[in-house]
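This report refers to the structure that appears directly beneath it.
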Amino acid sequence: MYSLAIHGGAGTIRRETMTPAIEAGFHAGLRTALLAGHAVLARGGSAMDAVTAAVMALEDDPQFNAGRGAVYTSAGTHEMDAAVMDGRDRAAGAVAGILGPLHPVLAARAVMEHSEHVLLIGPGALAFCRANGVEFTNAAHFHTERRWQALQAELARRTAAAADTRSDADRHGTVGAVACDAAGNLAAATSTGGMTGKLPGRVGDSPVIGAGTWADNATCAISATGHGEFFIRHAVAHEIASRMRFLGEGVAEAAEKVVAELGALGGSGGLIAVDAAGNVALPFNCDGMYRGRIGADGRALTAIYREAPAAHG
Ligand code: ASP
């Protein structure tokens, strides 16, 4: 049974500032991405193509911190990270610190498909993308006023040495997708602008295989979101796969345990996971996580806070 899950970042707008219109916008954005991925799976496409299609849709949507709508570094620039992994053979590709490719997830896919490497960064990654036909756009495409203002507020806070009272949503965000296709193959894709006000050169967990992105048919596919430094130090995605392999835990049990453990250590965030039977888990340890799932019945179920995913629209 095929299934697909997506996230649009852990750490949601606080309930006090959420309006019905903003909420509806997030549900609609998630739904569009779910349907894009589902269309691939429904015509017998691969999990890899499905997660790529879903993440491209989320990168195009300025509500989410990836592609258009990415957050700014402390220098007022954009540096994006992305990764893909194929559960059939653990093939993987990733990019970090890039600005230019319209869809960073396609840059990651190009690394997987056209190079002998797993992770390319900065100027070298961009040169590789140009040589391999990845579509570029101008820097203005990625700008959003909301992210620019979030950076200005953060820089002012640092100057004043004031306490950090931002919501998780103002700090970070990411998009991701995991899928199990009709053949039982798994894939994962993750794409992010990283964390608001990050130092130029900082790389988060998203493009680090085994931290923010993972896929292995024998266990699960995972795309994580949250405070990346914690996810790297705890090798979160690989830790979940290891629990499944060595302890025999199911995907939901393993994912929930690791996310709870991380939360207890101060690492806010969550993740989406799927196993080769199509079982999905969407755990998080903060207020909310933009998320959704869809199966063979084609019903797009989405959620933002603690509620169970439901049909919206
Ligand atoms: N994990 C991302 C990073 O640290 C941010 C996020 O998912 O919210 O770059």
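The model shown is predicted, which means the values in this text are computed figures rather than measured ones. Atoms within a ligand are numbered from 1 in the order they appear, just like the ligands themselves. We count residues from 1, following the sequence as given.
The backbone N or O of G204 lies less than 3.5 Å from a partner atom in the side chain of D81, making a donor-acceptor pair. Here the side chain of N65 pairs a donor or acceptor atom with the backbone of G194 at under 3.5 angstrom.
Of the polar atoms of G173, at least one N or O is found under 3.5 Å from an N or O of ligand 1, judged by distance alone. Backbone and side-chain nitrogen or oxygen atoms of G228 are examined, and one is located within less than 3.5 angstrom of a nitrogen or oxygen of ligand 1. When only interatomic distances are considered, the shortest N/O to N/O separation between T174 and ligand 1 falls below 3.5 Å.
With a 4.0 Å heavy-atom cut-off, ligand 1 is reached by the side chain of R202 but not by its N, CA, C or O.
Counting only N and O atoms by type, the side chains of S191 and E59 include a donor and acceptor under 3.5 Å apart.
Short contacts between ligand 1 and D205, defined as distances under 4.0 Å to a heavy atom of the residue, involve ligand atoms 1 (N), 2 (C), 3 (C), 4 (O). Every atom of ligand 1 with a heavy atom of T225 under 4.0 Å away is listed here by number and element: 6 (C), 7 (O), 8 (O).
Separation of atoms CG (D216) and OG (S242) is listed at 10.0 Å; rounding is to 0.5 Å.
Partners of A125 under the side chain to side chain contact (heavy atoms under 4.5 Å, CB included) rule, at least two apart in sequence or in another chain, are V95, I98, L120.
Ligand 1 has no atom lying under 4.0 Å from any heavy atom of A10. The closest approach between G226 and ligand 1 falls below 4.0 Å for a heavy atom of the residue.
Note on residues 87-132: no pairs pass ring pair (Phe, Tyr, Trp, His ring centres under 6.0 Å), not counting sequence neighbours.
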